[in-house]
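What follows is a short report on a single structure.
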Amino acid sequence: MLLEQLPGDSEPQGCDEETDPTCDPTTFVVRLGLNFIRDEFEQRTWRAFEGIAWDHRPAAEVAAELGLSLGAVYVANSRVMKRLREELVGLI
């Protein structure tokens, strides 16, 4: 389980939340969770998720870039988000 693998201090050393938004403890845990589940997905599925959820790009743009239908991009994003929620349940 992810919780057992978290470092004792959930904030990276030398982290300044005012200048680096990735230092937020919640963001840190989400990124850690994403690292744990990444290998469970095909590359195009993962890239579709990143394009929508992480890069905040329009789904149609991501679909065109990856050669996927718009529906496939939404399904890919949904699958990764569902798995991430399963991994992080109770942590955030």
Side-chain angles (χ1 to χ4, degrees):
M1 180 81 179
L2 179 64
L3 180 59
E4 297 162 354
Q5 298 178 28
L6 283 173
D9 180 7
S10 65
E11 188 171 312
Q13 294 297 332
C15 197
D16 182 358
E17 289 183 32
E18 291 183 23
T19 60
D20 185 356
T22 64
C23 290
D24 171 65
T26 301
T27 302
F28 178 75
V29 171
V30 168
R31 285 181 183 250
L32 190 61
L34 289 170
N35 286 336
F36 278 103
I37 67 170
R38 183 179 191 139
D39 291 339
E40 298 177 21
F41 298 94
E42 294 180 13
Q43 184 179 12
R44 285 196 326 173
T45 300
W46 192 260
R47 290 179 59 204
F49 160 75
E50 283 183 322
I52 292 175
W54 209 253
D55 299 336
H56 306 288
R57 294 172 44 216
E61 179 182 310
V62 174
E65 177 184 303
L66 297 175
L68 297 171
S69 70
L70 188 57
V73 169
Y74 284 123
V75 168
N77 182 61
S78 178
R79 286 181 57 224
V80 175
M81 290 297 291
K82 179 180 184 242
R83 180 64 186 96
L84 180 62
R85 281 191 295 273
E86 292 170 355
E87 189 66 33
L88 299 181
V89 69
L91 293 179
I92 54 174

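Everything numeric here is computed off the predicted structure, so don't read it as measured data. Nothing fancy with the numbering, it's 1 onward along the sequence.
In this structure, CZ on Arg79 lies 9.5 Å from CD on Glu40, to the nearest 0.5 angstrom. Note that CG of Leu32 and CD of Glu87 are 9.0 Å apart. Values are rounded to the nearest 0.5 Å.
Residues Trp46 and Leu34 are in side-chain contact: their nearest non-hydrogen atoms beyond the backbone lie under 4.5 Å apart.
Here the closest non-hydrogen pair linking Leu66 and Arg44 is O-NH1, 3.2 Å. Of all the heavy atoms in Leu88 and Gly33, the pair that sits closest is CD2-CA, 4.1 Å. Contact record, Ile37 with Val80: CD1-O, 4.0 Å, taken as the closest heavy-atom pair.
Met81 and Leu68 are not part of a single hydrophobic cluster, where members link through side-chain heavy atoms under 4.5 Å apart. Leu84 and Val62 are members of different hydrophobic clusters when ILVMFWY side chains are connected at heavy-atom separations under 4.5 Å.
Atom CZ of Phe41 is surrounded by more than 12 heavy atoms from other residues, nucleotides or ligands within 6.0 Å.
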Name the atoms and distances for all side-chain donor-acceptor pairs under 3.5 Å in residues 52-60, with sequence neighbours left out.
{"from": "Arg57", "atom 1": "NE", "to": "Glu61", "atom 2": "OE2", "distance (Å)": "2.7"}
{"from": "Arg57", "atom 1": "NH2", "to": "Glu61", "atom 2": "OE2", "distance (Å)": "3.3"}
{"from": "Arg57", "atom 1": "NH2", "to": "Glu65", "atom 2": "OE1", "distance (Å)": "2.5"}

